[in-house]
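Written out below as structure tokens is the structure these notes cover.
Whatever order the structure lists ligands and atoms in, that order sets their numbers, starting from 1.
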Amino acid sequence: MEKVKVKNPIVELDGDEMARVMWKMIKEKLILPYLDIQLVYFDLGIKKRDETDDQITIEAAKAIKKYGVGVKCATITPDAERVKEYNLKKAWKSPNATIRAYLDGTVFRKPIMVKNVPPLVKRWKKPIIIGRHAYGDIYNAVEAKVEGPAEVELVVRNKENKTLLVHKFEGNGVVMAMHNLEKSIRSFAQSCINYAISEKVDIWFATKDTISKVYHAYFKDIFQEEVDKRKEELEKAGVNYRYMLIDDAAAQILRSEGGMLWACMNYEGDIMSDMIASGFGSLGLMTSVLVSPDGVYEFEAAHGTVRRHYYRYLKGEKTSTNPTASIFAWTGAIRKRGELDGTPEVCEFADKLEKAVINTIESGVITKDLQPFTEPPIDKYVTLEEFIDEVKKNLEKLL
Ligand SMILES: NC(=O)C1=CN([C@@H]2O[C@H](COP(=O)(O)OP(=O)(O)OC[C@H]3O[C@@H](n4cnc5c(N)ncnc54)[C@H](OP(=O)(O)O)[C@@H]3O)[C@@H](O)[C@H]2O)C=CC1
Ligand SMILES: O=C(O)CCC(=O)C(=O)O
Ligand SMILES: [Mn+2]
């Protein structure tokens, strides 16, 4: 079979643990045998980041900006425990935070729905898409332990020269300062509006502006201004905009039928995307794409490195990890590359690979995470490798 030629390169960011094991299998079995593609490869595995003092992450972000399309495997963000485990020089920053801060933009996360895994929340009929602001907040915060007694102030040096008292500490404590940018929040709102108009879904946006009367209210006001600017277009597309408090939104979403874009600030989006993914069946069924304001795209799975499975894999166990979201990261990147290059045959390959995955699950060949939720019930599940081999068989039927 002749390979499909991909005109321009895709930037590939390798990762860690079980996600890395899946990544290699996907690439070797489902991508490289069928595509003639140049991959600009960066190893973002924790050892390489440590070796390069994390410079490789910056280089990878620059390459995504240069080539326009990237695909990323999940990576470890080290904490104190990981520093010991991998004997690291330090607890490096999250590579996701670094890349997202560099590219800016919005992360859209959409669950993959399959017929034989109905959502755990019975009322959910349509996908709930998370639009997660990708810049700032706790991901680019400055924080410190405070040895008391101490006085902590926030100083703003500009025309006004403001000094705000954070707290007078009598004993020990902790402090954090976060920031965000008007430009980035505006482009987040604009990306969400563009997405909602193109997909004809309502927009829900929620913060806690009753408590955070400046920070959260800033997001609320800017979002509203951007919505007001596009009022006619939104009306024409039949897209409604709803603003709510975040706790209200969390409760309402469970009682809804789905089918909306839920725009979230960075931290809320991180949490809610995993909850929504699980509610639709599994973290292994949640896609994720970063859309930057300059038209640059980074595709990934929403889940992490699946650490618990990796330790079992290291002991020689054949795990039943779900590679669907990682496969869809590849297909998302391949389809986008085809769209940007004007090569429909490349997009067609991506469509067929996605179809092969859905056909595999709907034919009853599933990984363990889906098994408790299948309807009609399926009592058997396969290993990661068996699942990928079945996808390959189904893909070959479609090619
Ligand atoms: N985008 C990224 O790069 C991200 C990286 N991380 C990093 O990942 C590492 C591990 O984080 P962790 O908290 O374990 O989060 P994970 O999302 O990796 O996994 C949490 C649990 O969810 C289930 N799960 C997740 N993905 C799958 C899948 N594809 N198939 C089957 N089950 C799945 C597993 O549950 P069970 O064990 O019950 O089977 C798993 O143990 C951390 O070091 C963290 O820094 C975390 C999030 C995102
Ligand atoms: O970068 C990280 O450490 C976590 C990222 C994450 O959880 C996510 O992208 O949802
Ligand atoms: Mn997360």
Side-chain angles (χ1 to χ4, degrees), residues 13-23 25-26 44-46 49 54 57 60-61 70-86 88 91-101 103 105-109 111-112 117 130-135 137-141 264-278 280-290 298-313 317 319-329 357 361 366-373 381-384 387-388:
L13 280 52
D14 211 341
D16 288 299
E17 301 191 315
M18 206 59 214
R20 187 177 178 111
V21 175
M22 289 201 273
W23 202 254
M25 274 186 206
I26 294 167
L44 293 201
I46 189 66
R49 278 182 279 144
D54 209 22
T57 305
V71 60
K72 180 180 173 293
C73 176
T75 43
I76 290 172
T77 297
D79 55 10
E81 200 184 322
R82 298 298 209 160
V83 170
K84 260 199 219 140
E85 182 182 359
Y86 287 93
L88 306 177
W92 301 103
K93 268 181 68 135
S94 153
N96 300 303
T98 303
I99 295 166
R100 290 173 197 160
L103 299 176
T106 304
V107 174
F108 292 99
R109 294 191 162 170
I112 301 157
V117 185
I130 299 280
R132 169 181 171 190
H133 185 214
Y135 181 84
D137 297 356
I138 67 160
Y139 304 88
N140 295 88
C264 291
M265 291 172 68
N266 206 345
Y267 182 56
E268 287 75 7
D270 190 354
I271 298 163
M272 295 310 169
S273 66
D274 277 27
M275 190 198 69
I276 298 290
S278 247
F280 276 99
S282 168
L283 267 128
L285 293 182
M286 187 63 135
T287 64
S288 182
V289 56
L290 173 75
E298 184 207 24
F299 293 83
E300 58 181 345
H303 62 73
T305 62
V306 209
R307 181 182 188 178
R308 290 196 284 269
H309 291 214
Y310 184 60
Y311 295 143
R312 298 209 300 269
Y313 167 85
E317 190 185 316
T319 69
S320 181
T321 317
N322 189 344
T324 303
S326 299
I327 298 173
F328 274 61
V357 176
I361 299 174
I366 52 158
T367 44
K368 188 180 178 187
D369 52 322
L370 302 182
Q371 194 261 332
F373 312 116
Y381 54 82
V382 298
T383 64
L384 161 64
F387 183 86
I388 288 182

For a quick test of reading the model, state the closest non-hydrogen atom pair linking [X] to [Y] and the distance between them.
| X | Y | answer |
| --- | --- | --- |
| P95 | L44 | CB-CD1, 4.4 Å |
| Y267 | I138 | CD1-CD1, 3.5 Å |
| S320 | T367 | OG-CA, 3.4 Å |

Which segment of E17 sits under 4.0 Å of ligand 1 when only heavy atoms are counted: neither

Proximity winner for atom 39 (O) of ligand 1, if only heavy atoms of H303, R308, H309 are counted: H309

Protein heavy-atom contact under 4.0 Å for [atom]?
| atom | answer |
| --- | --- |
| atom 45 (O) of ligand 1 | yes |
| atom 13 (O) of ligand 1 | no |
| atom 30 (N) of ligand 1 | yes |

Which atoms of ligand 1 have any heavy atom of [X] under 4.0 Å away?
| X | result |
| --- | --- |
| L283 | 22 (O), 25 (C), 26 (N) |
| G304 | 4 (C), 5 (C), 6 (N), 8 (O), 16 (P), 17 (O), 18 (O), 46 (C), 47 (C), 48 (C) |
| E300 | 1 (N) |
| K72 | 3 (O) |
| R82 | 9 (C), 42 (C), 43 (O) |
| N322 | 28 (C), 29 (N), 30 (N), 31 (C) |
| T77 | 43 (O), 45 (O) |

[Y] backbone acceptor or donor facing [X] side chain under 3.5 Å:
| X | Y | answer |
| --- | --- | --- |
| R109 | S288 | no |
| D16 | T305 | no |
| R132 | N266 | yes |
| R49 | I76 | yes |

N/O to N/O below 3.5 Å, does that happen between [X] and ligand 2?
| X | value |
| --- | --- |
| R100 | yes |
| S273 | no |
| E300 | no |

For ligand 1, is there an N or O atom under 3.5 Å from any N or O atom of [X]?
| X | answer |
| --- | --- |
| C73 | no |
| S320 | no |
| M22 | no |
| N96 | yes |

[X] vs [Y] side-chain heavy atoms within contact, under 4.5 Å:
| X | Y | result |
| --- | --- | --- |
| V107 | R100 | yes |
| Y313 | M18 | yes |
| I99 | E298 | yes |

Y139 atom OH, over 12 foreign heavy atoms within 6.0 Å: yes

Enclosure of K93 NZ (heavy-atom neighbours >12, cutoff 6.0 Å): yes

The Mn ion (ligand 3) to nearest N/O/S of D270 less than 2.8 Å: yes

N96: numbered ligand 2 atoms lying under 4.0 Å from its heavy atoms: 1 (O), 2 (C), 5 (C)

Atom indices of ligand 2, in the order listed, that fall short of 4.0 Å to a heavy atom of T77: 1 (O), 2 (C), 3 (O)

N-O pairing of K368 and E317 below 4.0 Å: no

Atom 1 (O) of ligand 2: the protein heavy-atom neighbour that sits closest, reported with distance to 0.1 Å: S94 OG, 2.6 Å

Shortest protein contact, atom 7 (O) of ligand 2 (heavy atom only): D270 OD1, 3.1 Å

Which one holds for [X] and ligand 2: side chain close, backbone close, both close, or neither close, with close meaning a heavy atom under 4.0 Å?
| X | answer |
| --- | --- |
| R132 | side chain |
| R109 | side chain |
| K93 | neither |

